[in-house]
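All residue numbers in this chain count up from 1 along the given sequence.
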Amino acid sequence: MTPAARISAAIEVLGRVFDGLPAEQALTRWARGARYAGSKDRAAVRDHVFQALRCRRSYAALGGGADGRAVMIGALRADGADPATLFTGEGHAPAPLTEDEWGMPDVTLSEAEDADLPDWLWRVFEEDLGGQAKAQAQAQTSRAPVAMRVNLKIKNASQAIEILKDDGIEAHRVDGLDIALIATEGARRIRGSKAYLSGLVELQDVSSQSAMGRITLPLGARVLDYCAGGGGKTLALAAMVPAGPPHAQFFAYDADPGRMTDLPSRAARAGVKVAVLEAGDIARHAPFDVVLCDVPCSGSGTWRRSPEAKWKLTLDRLQNLIDIQRDILHSSSNLLAAGGQLIYTTCSILNRENAAQIDAFCQTYPEFERQDQHHWPVTDTGDGFFFASMIRRN
């Protein structure tokens, strides 16, 4: 495919996304109907689509419209390219620019447009992040790093780097973390690599890895991952514990059990044991010494990876998430033994989902004492993330 044909394909996919189809489904449908597209073509179209979603609002302003065609015109202008060189109508290129599209729009981006956020969400960013609002919003407009966690039960990071090379994956270590790697080449090959399939590496963001590293598990601890999702944090904690009794027991639960489908197989190849619980099992296994609540949230620290989410989020949905977070904190607190640790994490950068929740919880439950709290902003190496741990004193 030519560069212009890839732009045409991106316009087609964006049209479906803007009509309500999830981006992954839209890309899959396009690929099924484009048998002529090679792997590099599919990757290029995917990159066009996701970058357009990250910067949808500013690109729309620069392109003079809100549909896929206008957004891709705006994307080229944002990169300093002349859309007329690709919008030629020749072969599989997009149709030539119309008279209205030809000139650069006389537009001054609003603060929300410059931040690539809806107006209401920009106001939330300003309220919660203050002087960091613009920087954190704009940090979400570039591609996210692909990070891996090395399982030291199997090999060290230097050995993992060499094994990854065998499958065409280049990676480097992250300062301050002996288990973290960032892929610099071949990231799309990780899930099929020997290192991944053997349990040597797991895909996990650097900030999330750092958060799990702040948890100290007492000997013989019974640990419940109460909102386990895929179980990545459970596996990270289990990998830090020496093998054999009486070191720790790990349990995982999620309100959507389907999210944990492959957790047993991933745990087995990583050399750790995790018991997957159903809702009716939790009370029977309680109390726990550590309960980790990686609660549902806005995902505002990960919008580089899932840019559709910031356009689908509404103020009502955000408030609903805050209510869910509060309810999870309250219900999980009853599962702890005296002296146990309650861990609260989000992949949000919004204060109302983070420190404000912990402040309110500790006021409501004075028997809990905040032990640790840390916030990671969106950076070149990691997503936005929040961590807090509380001790139940009686």
Side-chain angles (χ1 to χ4, degrees), residues 1-110 112-119 121 137-144 187-188 303-313:
M1 294 176 67
T2 64
R6 291 172 174 175
I7 294 289
S8 285
I11 292 170
E12 177 185 339
V13 173
L14 286 169
R16 293 175 179 173
V17 174
F18 294 166
D19 284 340
L21 192 66
E24 293 290 357
Q25 290 184 30
L27 283 162
T28 299
R29 288 190 185 182
W30 166 77
R32 285 175 179 167
R35 304 283 180 171
Y36 53 85
S39 59
K40 291 184 179 179
D41 295 320
R42 292 193 298 272
V45 172
R46 179 186 179 86
D47 288 346
H48 279 318
V49 168
F50 273 83
Q51 187 59 24
L53 291 172
R54 293 184 191 105
C55 301
R56 178 177 176 177
R57 191 148 190 217
S58 62
Y59 286 179
L62 293 173
D67 61 9
R69 178 180 169 92
V71 168
M72 288 309 301
I73 290 173
L76 291 169
R77 286 175 173 153
D79 286 341
D82 181 0
T85 61
L86 293 173
F87 283 67
T88 62
E90 298 174 0
H92 296 287
L97 299 180
T98 66
E99 184 176 346
D100 289 341
E101 293 172 334
W102 191 268
M104 179 79 168
D106 183 16
V107 60
T108 299
L109 297 181
S110 68
E113 287 172 333
D114 194 37
D116 273 297
L117 293 173
D119 288 339
L121 191 49
Q138 291 186 334
Q140 302 276 21
T141 60
S142 59
R143 193 170 179 171
R188 289 188 171 96
W303 284 341
R304 292 180 294 187
R305 304 179 191 277
S306 52
E308 291 168 279
K310 69 178 174 181
W311 306 113
K312 292 180 177 179
L313 186 67

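- Looking at D116, D114, D119 one by one, the single match for salt bridge (charged side-chain N to carboxylate O under 4.0 Å, His left out) with R57 turns out to be D119.
- At a threshold of 4.5 Å between non-hydrogen side-chain atoms, the residues Q51 and Y59 count as touching.
- Here the CD atom belonging to E113 is positioned 3.5 Å from the OG atom belonging to S110, to the nearest 0.5 angstrom.
- The minimum heavy-atom distance between W311 and L53, with the atom names listed, is NE1-O, 2.7 Å.
- Using a 4.5 Å cut-off on side-chain heavy atoms (C-beta onward), L117 and W303 make contact.
- In this structure the side chain of V45 reaches within 4.5 angstrom of the side chain of L27, judged on heavy atoms.
- Closest of all the heavy-atom pairs between A93 and S8 is C-OG, 3.2 Å.
- Between T2 and H92, every side-chain heavy-atom pair lies at or beyond the 4.5 Å cut-off.
- Between H48 and M72 there is a side-chain heavy-atom pair separated by less than 4.5 Å.
- The SG atom of C55 sits 13.5 Å away from the CZ atom of F50 when rounded to the nearest 0.5 Å.
- The shortest side-chain heavy-atom distance between R77 and P83 falls under the 4.5 Å cut-off.
- Residues P3 and L86 have side chains in contact (heavy-atom distance under 4.5 Å, counting atoms from C-beta outward).
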Item to check | Check against salt bridge (Lys or Arg N to Asp or Glu O under 4.0 Å), R188 and D47 | outcome: CA-CA 12 Å; R188 289 188 171 96; D47 288 346; 3.1 Å; yes
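- Ion pairing of E24 with R46 is present here, as a side-chain N (NZ or NE/NH1/NH2) and a carboxylate O approach within less than 4.0 Å.
- Between V107 and A61, the shortest heavy-atom contact is CG1-O, 3.8 Å.
- Residues A66 and A70 share a closest heavy-atom pair of N-CB, 4.1 Å.
- The shortest non-hydrogen separation linking R42 to A37 is NH1-O, 2.9 Å.
- Distance alone, capped at 3.5 Å, places no donor-acceptor pair between the D79 side chain and the A81 backbone.
- When atom types are taken as modelled, the side chain of R304 and the backbone of Q140 share no donor-acceptor pair closer than 3.5 angstrom.
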Checklist entry - Would V17 and Q25 count as a side chain to side chain contact (heavy atoms under 4.5 Å, CB included) if you check the C-alpha gap in whole Å, the side-chain angles of each, and the deciding distance to 0.1 Å? => result CA-CA 9 Å; V17 174; Q25 290 184 30; over 6 Å; no
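- Between D67 and R16 there is no salt bridge, since none of the side-chain N atoms of the basic residue sits less than 4.0 Å from a carboxylate O of the acidic one.
- Within the model, atoms CG of L62 and CG of L109 stand 5.5 Å from one another, a figure rounded to the nearest 0.5 Å.
- Around the NZ atom of K40, the shell of radius 6.0 Å holds no more than 12 heavy atoms that belong to other residues, nucleotides or ligands.
- Both tests pass for R56 against the ring of F18: distance under 6.0 Å to the centre and angle within 45° of the axis.
- A donor-acceptor pair is defined here as one N or O able to donate and one able to accept, closer than 3.5 Å; no such pair exists between the side chain of S306 and the backbone of E308.
- Residues L97 and R69 have side chains in contact (heavy-atom distance under 4.5 Å, counting atoms from C-beta outward).
- Residues A52 and V71 come closest through the heavy atom pair CB-CG1, 3.8 Å.
- Heavy-atom neighbours of R143 CZ from other residues, nucleotides or ligands within 6.0 Å: at or below the threshold of 12.
- The CH2 atom of W102 sits 11.0 Å away from the CD1 atom of I73 when rounded to the nearest 0.5 Å.
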